[in-house]
Amino acid sequence: MKINTKEKRKDKILDLLSGRKRISVKDNGSISAAVLIPIFFKHGEDHLLFTKRTETVETHRGQISFPGGVRDKSDKTLEETALRESFEEIGLIREDIDTLGAIDDFITGTGYCIYPLVAIIPYPYDFKVSEKEVAEILEVPVSTLLDRRNYIEDRNYIYKGKPYDYCAFKYGKHNIWGTTGRIVRNFLTLFYGWNFVDRR
């Protein structure tokens, strides 16, 4: 999906979202949560924004993730959850976020149901990072994620005694794995037509 302007990129994503039925997981006892998938344009190409969690947060310490968290009682929708958490974690103001729609829900091995909201954000941006939650912001080129040399998949991975769909994307010294890796894989498959099959 080669797109030269923000508006063309936005229109393409909206077309793809409206042309498919989103897989939505109904109440199955999982904890409701949401993340924002922030897309921005830098040096002529698409990037995704990730955060590296601190070593002091309660869960997933030190892991790479999208901004997001558990739905609060005050959140009327899961979209509100993603927007609220993005502001709390990295200072993204709602009015600066151009939300486009959500891709398929994801169930985690730790009992969460994740609602992934796709959005375009401005760049550059004056982020206000929560030092308690975020150790680092990562600006990852989509081209890096699409490079098969940076992709790992393990069909025999066992998590808590059960088979688990493990995949990871390498970005420098970082590994984007777990539920975030699976969300990235789905996002890139939907919007960039990439077929992630590790033949090794």
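Remember, it's a predicted structure, so these values are computed and weren't measured experimentally.
- Here the closest heavy-atom approach between residue F106 and residue I183 is recorded as CD1-CG1, 3.6 Å.
- Within the 4.5 Å cutoff, the side chain of Y123 has heavy atoms near those of the E139 side chain.
- Looking at heavy atoms from C-beta onward, L16 lies out of side-chain contact with L190 at the 4.5 angstrom threshold.
- Shown here is Y125, whose OH atom has more than 12 heavy atoms of other residues, nucleotides or ligands within 6.0 Å.
- Of all non-hydrogen atoms in R182 and C167, the two that sit nearest each other are N-SG, 3.7 Å.
- At least one side-chain heavy atom of R53 sits less than 4.5 Å from a side-chain heavy atom of S65.
- Within a 6.0 Å sphere centred on NZ of K132, heavy atoms belonging to other residues, nucleotides or ligands number 12 at most.
- The aromatic rings of Y171 and H174 sit parallel to each other, their planes meeting at less than 30°, with 60° as the upper class boundary.
- Comment: R22 engages D105 in a salt bridge, judged by a side-chain N to carboxylate O separation of less than 4.0 angstrom.
- Evaluated for a side-chain contact (heavy atoms from CB on, under 4.5 Å) with R9, the options L100, L14, D46 yield exactly one hit, D46.
- Residues I64 and V140 form no side-chain contact, since every pair of their non-hydrogen atoms from C-beta on lies 4.5 Å or further apart.
- Under the 4.5 Å side-chain contact rule for hydrophobic residues, I39 and I176 share a cluster.
- Counting heavy atoms from C-beta on, the side chains of L138 and L48 never come closer than 4.5 Å.
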| Where do R71 and L78 land on the side chain to side chain contact (heavy atoms under 4.5 Å, CB included) test, with the steps shown first? | CA-CA 7 Å; R71 183 174 186 172; L78 285 166; 3.7 Å; yes
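- Using bins of under 30°, 30° to 60° and over 60° for the plane-to-plane angle, the ring pair Y192/F187 lands in the tilted bin.
- A 4.5 Å side-chain heavy-atom check between L92 and L49 finds every atom pair outside the cut-off.
- When side chains are defined from C-beta on, V35 does not count as touching T179, because their heavy atoms never get closer than 4.5 Å.
- Residues S86 and P38 are not in side-chain contact: their nearest non-hydrogen atoms beyond the backbone lie 4.5 Å or more apart.
- Looking at N150, its side chain does come within 3.5 Å of a backbone N or O of T144 through a donor-acceptor pair.
- The shortest non-hydrogen separation linking L36 to A119 is CD1-CB, 3.7 Å.
- For T81 and D75, the side-chain atoms include at least one donor-acceptor pair closer than 3.5 Å.
- Criterion: ILVMFWY side-chain heavy atoms under 4.5 Å apart, direct or through other members. Under it, I97 and I137 are part of a common hydrophobic cluster.
- In plain terms, the two heavy atoms of P67 and E89 that are nearest each other are CA-OE1, 3.3 Å.
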- Message: Determine whether F191 and V118 satisfy the following criterion, side chain to side chain contact (heavy atoms under 4.5 Å, CB included), listing intermediate values before the conclusion.
- Response: CA-CA 11 Å; F191 299 123; V118 181; 4.2 Å; yes
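- When each of Y151, W194, W177 is paired with F169, the ring-ring contact (aromatic ring centres under 6.0 Å, His included) condition holds for Y151 and for no other.
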Practice item. Apply side chain to side chain contact (heavy atoms under 4.5 Å, CB included) to I121 and F127, showing your working. Key: CA-CA 11 Å; I121 64 171; F127 294 106; 4.3 Å; yes
- request: Report the C-alpha separation of T180 and Q63 in whole Å, then their side-chain angles, then the decisive distance to 0.1 Å, and conclude whether the side chain to side chain donor-acceptor pair (under 3.5 Å) test is met.
  value: CA-CA 9 Å; T180 302; Q63 292 185 17; over 6 Å; no
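- There is a path of hydrophobic side-chain contacts, each under 4.5 Å, that joins F66 to I114.
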Start with the C-alpha gap between S30 and I107, add the side-chain angles, then the distance that decides, and say whether side chain to side chain contact (heavy atoms under 4.5 Å, CB included) holds. CA-CA 8 Å; S30 298; I107 301 297; 3.9 Å; yes
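- Taking a cutoff of 4.0 Å between a charged side-chain nitrogen and a carboxylate oxygen, D104 and R20 qualify as a salt bridge.
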